Engineer: 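After the structure tokens below, expect a handful of questions from me.
Computed from a prediction, not measured in an experiment: that's the story for all the values here. Both counts, for ligands and for their atoms, begin at 1 and track the order of listing.
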Amino acid sequence: MARPDRSDCVENGDGAGAYSEDGIPVVDFDVLVNGNSDQRLAAILHLGRACAEWGFFMVINHGVPESLQGATMDACRELFSLPTEEKSEYMEAGPMDPVRVGTGFNSAVDGAKYWRDYLKMFAHPEMHCPAKPAILREIATEYATRTRGLMLELTTAISESLGLDGSRIAEALNLDNCFQILVGNYYPPAGPDVGAIGMPTHSDHGLLTLLFQNGVNGLQVKHDSEWLLAKPIPGSFFVIVGDQLEIVSNGRYKAVLHHALVDGEQARMSFVSLIGPCLDAVVKPIPELARDAPQGAEFRGVRYRDYMEHQQSNKLKENAALDIVRVHRQILTREGSPNSSLINV
Ligand SMILES: O=C(O)CCC(=O)C(=O)O
Ligand SMILES: [Fe+2]
């Protein structure tokens with residue numbers, strides 16, 4: 001298990017939780033699951049604040065072996081180095097195809113070239129994987145199982161942090177049949193192309209995203225209107241609040257905007273494991289949360305499959321997909337929104 005040195009974290013004086021030296025909240029998963037009731041309560045409050053104020057945190061002592069993280073990254077690197085003809089059958093794939101290999105975000109609609117190669121594999125309810133490299137299936141399956149378990153545990157704690165029963169979000173979104181996708185990102189060195197963007201600003205379409213990288217920084221998150229370079233504690237995961245958590249929490253937790261920069265000299269890699277609701281679940285604010293909010297429900301209901309397809313088929317633009325399902329008077333005047341097929345449930 002990754003056990004970071006405690007000196008990597010700064011303990012807040014009032015015992016309210018730990019932060020990295022850059023001020024990013026750090027959640028100790030071991031305390032969340034195995035702590036006594038006082039420790040758990042403090043960890044849940046810290047987690048809730050991290051989701052509300054940042055939409056982003058690091059998780060330490062998470063139980064996913066560092067060797068498995070390394071093996072996953074290595075298998076992914078092998079895939080990217082295969083000759084194009086070995087990957088070509090996945091390169092024609094569309095956003096809802098279970099295995100996709102490509103360049104940019106969605107090269108068909110990007111209009112701009114981003115410095116990124118990617119591999120996307122649907123991992124749950126069914127594992128899909130390219131045939132080569134042969135080692136990939138076993139490693140990706142193990143990685144998907146371990147990280148799914150971790151994110152489902154985090155979801156229980158997040159549910160409690162909203163004052164709900166631990167199982168409330170899982171029931172509302174049918175997380176027994178949750179959707180999961182694994183994404184490997186490879187960003188070649190940009191050389192003199194200073195300021196090149198690897199992946200444009202966006203929020204993630206799912207519920208929670210877990211991310212780690214190959215030791216080359218580049219992930220930036222927007223916090224208090226500023227872009228902050230996220231520097232990980234060794235062995236930790238970054239956790240990113242996604243659009244579905246913003247919807248289900250009725251906006252109490254925010255889907256954080258983030259993007260990836262490329263390095264001038266070194267290749268950067270990141271590996272993402274994302275869970276979302278069951279693809280057929282209609283996602284809407286939990287009624288108890290909407291009832292207690294001054295303005296009522298902040299979002300309309302939307303089927304996750306439709307939401308994801310829309311977000312993945314269009315140019316990545318901040319959190320434009322979330323704005324379509326947001327109940328805001330001015331949205332009705334925004335070009336294109338009233339007719340969107342997303343506002344249908
Ligand atoms: O490479 C990164 O750090 C960001 C990747 C990302 O945001 C994504 O795959 O959704
Ligand atoms: Fe992302």
Side-chain angles (χ1 to χ4, degrees), residues 20 22 24 51 54-59 69 72-73 76-77 79-80 95 99-107 110 114-123 140 143-144 147 151 179-190 195-223 227-233 236-246 253-264 266-276 307-308 310-322:
S20 74
D22 302 314
I24 297 173
C51 293
W54 281 79
F56 186 74
F57 57 93
M58 276 183 245
V59 64
Q69 288 178 295
T72 306
M73 195 67 105
C76 191
R77 189 178 293 110
L79 178 282
F80 287 125
V99 180
R100 192 146 57 109
V101 173
T103 296
F105 173 68
N106 178 348
S107 355
D110 269 346
Y114 294 108
W115 284 79
R116 166 186 182 235
D117 292 335
Y118 64 82
L119 159 68
K120 297 189 179 190
M121 305 177 269
F122 288 8
Y143 188 76
T147 53
M151 284 187 279
F179 173 77
Q180 184 181 22
I181 187 169
L182 303 181
V183 184
N185 296 306
Y186 175 81
Y187 306 94
I197 292 281
M199 192 172 185
T201 302
H202 66 284
S203 59
D204 289 349
H205 59 76
L207 185 71
L208 287 178
T209 303
L210 219 56
L211 183 148
F212 75 98
Q213 55 190 25
N214 67 335
V216 181
N217 291 331
L219 174 66
Q220 287 194 316
V221 292
K222 200 164 190 183
H223 178 64
W227 285 105
L228 181 91
L229 184 69
K231 291 187 221 123
I233 292 172
S236 67
F237 283 113
F238 291 126
V239 183
I240 299 171
V241 168
D243 295 349
Q244 308 311 308
L245 184 50
E246 180 157 344
Y253 293 167
K254 302 288 183 226
V256 69
L257 290 177
H258 56 285
H259 58 216
L261 304 180
V262 286
D263 193 86
Q266 303 176 81
R268 174 166 185 269
M269 288 184 74
S270 64
F271 200 88
V272 158
S273 174
L274 172 152
I275 60 162
Y307 188 95
M308 182 180 136
H310 174 88
Q311 196 257 18
Q312 293 280 297
S313 309
N314 287 277
K315 196 167 168 159
L316 259 194
K317 190 159 162 274
E318 306 215 333
N319 43 16
L322 198 51

Engineer: Indicate the ring-plane relationship of His223 and Trp54, choosing parallel, tilted or perpendicular according to the 30° and 60° boundaries.
Structural biologist: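 Parallel.
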Engineer: Any heavy atom of Tyr187 closer to ligand 1 than 4.0 angstrom?
Structural biologist: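 It does, in that a heavy atom of Tyr187 comes within the 4.0 Å cut-off of ligand 1.
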Engineer: Identify the protein heavy atom lying closest to atom 6 (C) of ligand 1, giving its residue, its atom name and the separation to 0.1 Å.
Structural biologist: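 Protein heavy atom at minimum distance: Met199 SD, 3.5 Å.
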Engineer: With the side chain counted from C-beta on, respond yes when Val272 and Ile240 share a heavy-atom pair under 4.5 Å apart, and no when they do not.
Structural biologist: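 No, their side chains stay 4.5 Å or more apart.
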Engineer: Quick check: do Leu322 and Tyr307 have side-chain heavy atoms less than 4.5 Å from each other?
Structural biologist: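 A side-chain contact under 4.5 Å exists here.
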Engineer: Under 4.0 Å from ligand 1, counting heavy atoms only, is it the side chain of Asp204, its backbone, both or neither?
Structural biologist: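 Side chain only.
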Engineer: Please identify which atoms of ligand 1 are closer than 4.0 Å to at least one heavy atom of Val272.
Structural biologist: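 Matching atoms, with element in brackets: 9 (O).
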Engineer: Apply side-chain contact (heavy atoms from CB on, under 4.5 Å) to the pair Trp227 and Leu257, showing each step before the final yes or no.
Structural biologist: CA-CA 9 Å; Trp227 285 105; Leu257 290 177; 4.2 Å; yes
Engineer: Nearest heavy atom to atom 10 (O) of ligand 1 wins, so pick from His202, Gln213, His205.
Structural biologist: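 Looking at heavy atoms only, His202 sits closest to atom 10 (O) of ligand 1.
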Engineer: Report, in ascending order of atom number, the atoms of ligand 1 lying under 4.0 Å from any heavy atom of Leu211.
Structural biologist: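 Close to Leu211: 2 (C), 3 (O), 4 (C), 5 (C).
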Engineer: With the side chain counted from C-beta on, respond yes when Tyr187 and Asp263 share a heavy-atom pair under 4.5 Å apart, and no when they do not.
Structural biologist: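 Of all side-chain heavy-atom pairs linking Asp263 with Tyr187, none is under 4.5 Å.
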Engineer: Check His258 and report its N/O/S atom nearest to the Fe ion (ligand 2), by atom name.
Structural biologist: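 Looking at His258, the N, O or S atom with the least distance to the Fe ion (ligand 2) is NE2.
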Engineer: Give a yes or no on whether the ring-centroid distance for His202 and His258 is below 6.0 angstrom.
Structural biologist: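 Close enough - the centres of the two rings lie under 6.0 Å apart.
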Engineer: I want to check something: taking the side chain as every heavy atom from C-beta on, are Pro95 and Lys120 in contact at a cut-off of under 4.5 Å?
Structural biologist: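 No, their side chains stay 4.5 Å or more apart.
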Engineer: Tell me, do Pro232 and Gln213 make a side-chain contact under 4.5 Å, heavy atoms counted?
Structural biologist: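 Contact flag for Pro232/Gln213 side chains = yes.
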Engineer: Yes or no: does Arg268 have any heavy atom under 4.0 Å from an atom of ligand 1?
Structural biologist: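 Yes, Arg268 has a heavy atom closer than 4.0 Å to ligand 1.
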Engineer: How far is atom 5 (C) of ligand 1 from its nearest protein heavy atom, and which residue and atom is that?
Structural biologist: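 Result for atom 5 (C) of ligand 1: Asn185 ND2, 3.4 Å.
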Engineer: Answer yes or no: does an N/O atom from His258 fall short of 3.5 Å to an N/O atom of ligand 1?
Structural biologist: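 His258 vs ligand 1: N/O contact under 3.5 Å present.
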Engineer: Among the N, O or S atoms of Asp204, which one sits nearest to the Fe ion (ligand 2)?
Structural biologist: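 Result for Asp204 and the Fe ion (ligand 2): OD1.
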